[in-house]
There are 2 protein chains.
Amino acid sequence: MARAGLTPQRLTQAGAELADEVGFEQVTVSALARHFDVKVASLYSHVKSSHDLKTRIALLALEEMADAAADALAGRSGKDALAAFANVYRDYARRHPGRYAASQLRLSPETAAASAGVRHSQMTRAILRGYDLPEPEQTHAVRLLGGTFHGYVSLELSGGFSHSAPDSSVTWARIVDALDALLRNWPAEPARDARVEPERDDREA
Amino acid sequence: MARAGLTPQRLTQAGAELADEVGFEQVTVSALARHFDVKVASLYSHVKSSHDLKTRIALLALEEMADAAADALAGRSGKDALAAFANVYRDYARRHPGRYAASQLRLSPETAAASAGVRHSQMTRAILRGYDLPEPEQTHAVRLLGGTFHGYVSLELSGGFSHSAPDSSVTWARIVDALDALLRNWPAEPARDARVEPERDDREA
DNA sequence: TAATTTGCCTAAAGGCTTTAGGCAAATGCA
DNA sequence: TGCATTTGCCTAAAGCCTTTAGGCAAATTA
């Protein structure tokens, strides 16, 4: 009986491609077995479980995005770097929607700590060096950028802005303009009593 | 044989509660049948499919968030309104993680158009009236706010910032400060040749 | 009270996950 | 080269989820 030559890497790669084609949700051990024309149980020698497979795809996506970001960042700084970095995420998500969805998979803290996720925040901090924010404002800004890029791209991907004017690409460019302006004019921390406090919320849990 | 008194509403409600307890992914027709101590097939008289059930939960979450937002917005304007609005999303997501996850479900365009999603963008526009942005900048800003709130909350929920200083609530407050500052000083559209263009990207699809 | 509608049930088919145990191909070592 | 071991894929089987079809009894209506 000829062997199919399965490895965790090939399974992950094929799973990523499948995710882009049919959606990350539809990536299943069974579907992958069909793809390699192999019985389902055979995959369990290479992959611990369905969740393990999905985690590997997520890690692959994070790596690929970090690589692309590092590439885009080389030789740039300031707004130029910010825009290039932002575009990496958006472009990746548009080109690889399934992988991008995978990258949102909730990872265990240990897995996350060992993932390319840390490169992402390092790169974000590198960009922010061009804007000269003191700690802890820099951390706030890292989180703002991460959240904004992720949130916008994910809304765009789920069809939020499609087919309504103005074109989403225009908005994206303006958002980069706006974030650049914001980072250059980062507001000082308001005085204690001027701050808007969150509501106390005593409603049912 | 006594009847359980199932209705689409009760199923949706119970499904939402289940989602908050065990995660939206784990909400299943079978689990719901167990909850009502009823055979699985019985639910199919009230709900078209598993996907239908999930869609109903998503719509419920969108309604609840819109109601809470409308409530929070009453009598407020400016930064006060912005902060209250932002907190509604974050608080809702923290209190109802399963429902919040449901609200991210990709809806068909028709379903989305008939959902409370439209109230959300109307309210966002109402807040922006306090900042006096011309079209199309106002639309860009609506998308920025939506993306930022969603993205930050969703990163926070997936554990991104937990257990690392500074506290996520502090960052959240500073992000609201920053967005307020940004909206008050919304940058003019850069001249054509000063703009940073997205990279042409000819890599493989 | 009889007729109709409605609600939940049994039955059954099909899909995905995961574990256990087996045979054969590949690899390593005399 | 020949034998032993490891490795890779297979069959079998159990468990859970979805969905459809058809049936009986409870609730509703006349």
Side-chain angles (χ1 to χ4, degrees), chain A residues 1-60 98-99 101-102 104-108 111, chain B residues 1-60 98-99 101-102 104-108 111:
Chain A
M1 215 143 277
R3 297 191 174 191
L6 305 179
T7 66
Q9 290 70 36
R10 285 191 66 196
L11 291 178
T12 306
Q13 185 66 39
E17 284 157 19
L18 185 60
D20 289 334
E21 284 161 27
V22 302
F24 184 57
E25 292 303 306
Q26 325 303 321
V27 173
T28 162
V29 179
S30 294
L32 225 45
R34 277 191 294 275
H35 176 265
F36 284 103
D37 199 28
V38 133
K39 296 298 172 181
V40 185
S42 307
L43 299 205
Y44 282 84
S45 318
H46 305 280
V47 139
K48 249 203 302 295
S49 65
S50 179
H51 184 258
D52 178 37
L53 170 66
K54 288 178 180 164
T55 301
R56 286 169 189 269
I57 297 174
L59 293 175
L60 172 68
R99 285 154 147 102
Q104 299 175 230
L105 187 68
R106 195 193 168 122
L107 302 175
S108 73
T111 309
Chain B
M1 216 144 278
R3 299 191 172 190
L6 306 179
T7 65
Q9 289 70 35
R10 285 191 67 195
L11 291 178
T12 305
Q13 185 66 38
E17 284 158 18
L18 185 60
D20 288 334
E21 283 161 27
V22 302
F24 184 57
E25 292 304 305
Q26 324 304 321
V27 174
T28 159
V29 179
S30 293
L32 225 45
R34 278 191 294 276
H35 177 265
F36 284 103
D37 200 30
V38 133
K39 296 298 171 181
V40 186
S42 307
L43 299 205
Y44 282 83
S45 317
H46 305 281
V47 138
K48 249 202 303 293
S49 66
S50 180
H51 185 259
D52 178 37
L53 171 65
K54 288 179 179 163
T55 301
R56 285 170 189 268
I57 297 173
L59 294 175
L60 172 68
R99 286 154 147 102
Q104 299 174 232
L105 187 69
R106 197 194 165 118
L107 302 174
S108 73
T111 309

Grab the [atom1]-[atom2] distance between [X] and [N] for me, whole Å please.
| X | N | atom1 | atom2 | answer |
| --- | --- | --- | --- | --- |
| A:Leu32 | C:dT18 | CG | C1' | 16 Å |
| B:Asp52 | D:dT20 | CG | C1' | 16 Å |
| B:Gln26 | C:dT17 | CD | P | 14 Å |
| A:Leu6 | C:dA26 | CG | P | 14 Å |
| A:His35 | D:dC9 | NE2 | P | 15 Å |
| A:Gln9 | D:dG8 | CD | P | 12 Å |

Keeping A:Ser42 on the side-chain end and A:Val38 on the backbone end, is there a donor-acceptor pair under 3.5 Å?
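Such a contact is absent between A:Ser42 side chain and A:Val38 backbone.
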Of all the heavy-atom pairs spanning [X] and [Y], show the shortest one and how long it is.
| X | Y | result |
| --- | --- | --- |
| B:Gly15 | B:Val27 | O-CG2, 3.7 Å |
| B:Ala58 | B:Leu107 | CB-CD2, 4.4 Å |
| B:Ala102 | B:Ile57 | CB-CG2, 3.7 Å |
| B:Arg10 | B:Ala4 | NH1-O, 3.2 Å |
| B:Thr111 | B:Ser108 | OG1-OG, 2.6 Å |
| B:Asp20 | B:Gly98 | OD1-N, 2.9 Å |

As an exercise, state the distance from OG1 of B:Thr28 to CG of B:Leu32, rounded to the nearest 0.5 Å.
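Those atoms lie 8.0 Å apart.
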Say you draw a straight line from CG of A:Leu6 to NE2 of A:His46; how long is it, rounded to the nearest 0.5 Å?
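Result: 4.5 Å between the selected atoms.
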Mind checking whether B:Phe24 and B:Leu18 have side chains closer than 4.5 Å, heavy atoms only?
no
Do A:Thr12 and A:Leu59 come within less than 4.5 Å of each other through their side chains, counting heavy atoms only?
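Side chain of A:Thr12 against side chain of A:Leu59, heavy atoms only: no contact under 4.5 Å found.
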Please name all residues satisfying side-chain hydrogen bond (donor to acceptor under 3.5 Å, both in side chains) with A:Gln13, sequence neighbours left out, ordered by chain then number.
A:Glu17
Using five base pairs at each end to define the local axes, how bent is the helix from C:dT1-D:dA30 to C:dA30-D:dT1, to the nearest 10°?
10°
Where at least one partner belongs to residues 28-57 of chain B, residue pairs that pass salt bridge (Lys or Arg N to Asp or Glu O under 4.0 Å), sequence neighbours excluded:
B:Asp52-B:Arg56
Listed in order of residue number, which residues of residues 37-47 of chain B have a non-hydrogen atom at under 4.0 Å from DNA chain C?
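Going residue by residue through residues 37-47 of chain B, the ones with a heavy atom under 4.0 Å of DNA chain C turn out to be B:Val38, B:Lys39, B:Ala41, B:Ser42, B:Ser45, B:His46.
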Tabulated below should be each protein N or O lying under 3.5 Å from an N or O of nucleotides 14-17 of chain D; please produce it.
from: D:dC17; atom 1: OP1; to: B:Arg34; atom 2: NH2; distance (Å): 3.0
from: D:dC17; atom 1: OP2; to: B:Arg34; atom 2: NH1; distance (Å): 3.2
from: D:dC17; atom 1: O3'; to: B:Thr28; atom 2: OG1; distance (Å): 2.9

Every protein N/O within reach of nucleotides 3-6 of chain C N/O, cut-off under 3.5 Å:
from: C:dT6; atom 1: O2; to: B:Arg3; atom 2: NH2; distance (Å): 2.9

